[in-house]
Amino acid sequence: MKITLSVIKADIGGYVGHSDSHPECLCEADNKLAKAKESGLLIDYHVTKCGDDLQLIMTHQKGENNTDIHEMAWDTFVACTSVAKKLKLYGAGQDLLADAFSGNIKGMGPGAAEMEFEERTSEPVVIFMADKTSSGAWNMPLYKMFADPFNTIGLVIAENMHQGFNFEVHDVKESKKIVFSTPEEIYDLLVFIGAPNRYPVKAVYTKTGEIAASSSTQKLAFIAGRYVGKDDPVCIVRCQGAFPAVGEVLEPFAQPYLVEGWMRGSHWGPIMPVGVADSLPTRFDGPPRVIAQGFQLAQGRLVGPRDFFADVSYDKARQKANDMAYMMRKHGPFEPHRLPLDEMEYTTMPQVSHKLQARFKPL
Ligand code: F6R
Ligand code: MG
């Protein structure tokens, strides 16, 4: 049975500030998706949040980039924005960059990761959702899951994974894509994905062409033509059998790494794995958070979720992320805590330079 798993998300308003989502908005989303399920458009759905981002996890049989599914998700965000406006939530409707729906939600502000596949006898999937960071945040963990034997022992000792995986990488600046075959091309791959802001990993495939992982690579900055906030990306990963085991898929997050985002979308900070209830970016509007929801699919039914990062085995990762946050914060307004000039979401550089123009003398 061919199933499409669509994860579509948007920040439709924060509570309080940019730190969390309001339960009434989640409730409105639930009502809308319940109707879509009743009508037969969706097989199943799960509504959740990561920080101030509303997450719609949906299964159906319409394929990727389906207009009916995207329009229903857009209408859901619009309805939730009305609730957010009524409560005067912060930045109500901030990710809805278009006035009206026009065929495909991509390019209109919300982020989307989708994949269509033949459901296996047992189909475990993990959905990662992040807040206060940008679309390249999955590059390092996807590399570790699918190409690094120090993370994924299956690449070495499991016969059905030993041949490696293909990585589809996007150039978000020039709208181009390229596929790398690993392990043969890992050095070439790393030249690109080591610059995650420009070259996010869009998808990973088995060598036989089965989809293994799919991420949202929409960059709000490029859509709006100016910086309008971090992308807060999502990523779907299939697990077990010919794919990495659930524990191999989760393992990269045991070592917090630095991502772009955090306060005013203008800082490097550690990504902290947390349960949904703890996806509350608070300190200096952060540090960035990631949640992982696990489901078994049963004819498209979403059996779950398991809230993986609520587990005590991630306590130490949280502690490490907090230690890294203290280390980065000591730099205050200096790089490498603050992002380089051309990547900051906020800057006063043009105004300040203009004001001081006459005082700049040749060296
Ligand atoms: C980061 C983020 C927040 C805001 C900050 C200022 O992605 O959303 O850190 O940038 O709270 O928000 P404004 O400019 O809306 O007052
Ligand atoms: Mg957010």
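Note that ligands are numbered from 1 as they come in the structure, with each ligand's atoms numbered from 1 the same way. Remember, it's a predicted structure, so these values are computed and weren't measured experimentally. In what follows, residues are counted from 1 in the order of the sequence shown.
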**Sub-4.5 Å side-chain heavy-atom contact between Met108 and Leu96** = no
**Asked** From the Mg ion (ligand 2) out to just under 2.8 Å, does an N/O/S atom of Asp131 turn up?
**Response** yes
**Message:** Quick one, Leu5 and Leu302 - any side-chain contact, counting heavy atoms below 4.5 Å?
**Reply:** yes
**Prompt:** Closer than 4.0 angstrom: is that true for some heavy atom of Gly265 and an atom of ligand 1?
**Reply:** yes
**Message:** Check for me whether Trp262 has a heavy atom closer than 4.0 Å to any atom of ligand 1.
**Reply:** yes
**Distance-only N or O hit between ligand 1 and Asp52, under 3.5 Å** = no
**Prompt:** Should Val7 and Val290 be regarded as members of a common hydrophobic cluster, given that ILVMFWY residues are connected when their side-chain heavy atoms come within less than 4.5 Å of each other, either directly or indirectly?
**Reply:** no
**Message:** Looking only at distances, can you tell me whether any N or O atom of Tyr346, backbone or side chain, sits closer than 3.5 Å to an N or O atom of ligand 1?
**Reply:** yes
**Asked** Just checking, is any N or O donor in the side chain of Gln296 or Ser122 under 3.5 Å from an acceptor N or O on the other one?
**Response** yes
**Message:** Among the N, O or S atoms of Asp232, which one sits nearest to the Mg ion (ligand 2)?
**Reply:** OD2
**Asked** Relative to the Mg ion (ligand 2), which of the N, O or S atoms in Asp52 is the closest?
**Response** OD1
**Item:** Ligand-side contact atoms (ligand 1) for residue partner Asp285, heavy atom cut-off under 4.0 Å
**Value:** 3 (C), 4 (C), 5 (C), 9 (O), 11 (O)
**Prompt:** Do the side-chain N and O atoms of Ser6 and Thr4 include a donor-acceptor pair separated by under 3.5 angstrom?
**Reply:** no
**Asked** Quick one: which ligand 1 atoms are inside 4.0 Å of a heavy atom on Tyr90?
**Response** 13 (P), 15 (O), 16 (O)
**Request:** Check Trp268, Tyr326, Trp262 against His337 for a ring-ring contact (aromatic ring centres under 6.0 Å, His included) and give me the one that passes.
**Result:** Trp262
**Contact partition for Met263 relative to ligand 1, non-hydrogen atoms under 4.0 Å** = both
**Prompt:** Out of the N/O/S atoms in Asp53, what is the name of the one closest to the Mg ion (ligand 2)?
**Reply:** OD2
**Item:** Short side-chain to backbone donor-acceptor contact, Arg289 and Pro287, under 3.5 Å
**Value:** yes
**Asked** Quick one: does Phe253's side chain get under 4.5 Å of Phe308's, heavy atoms only?
**Response** no
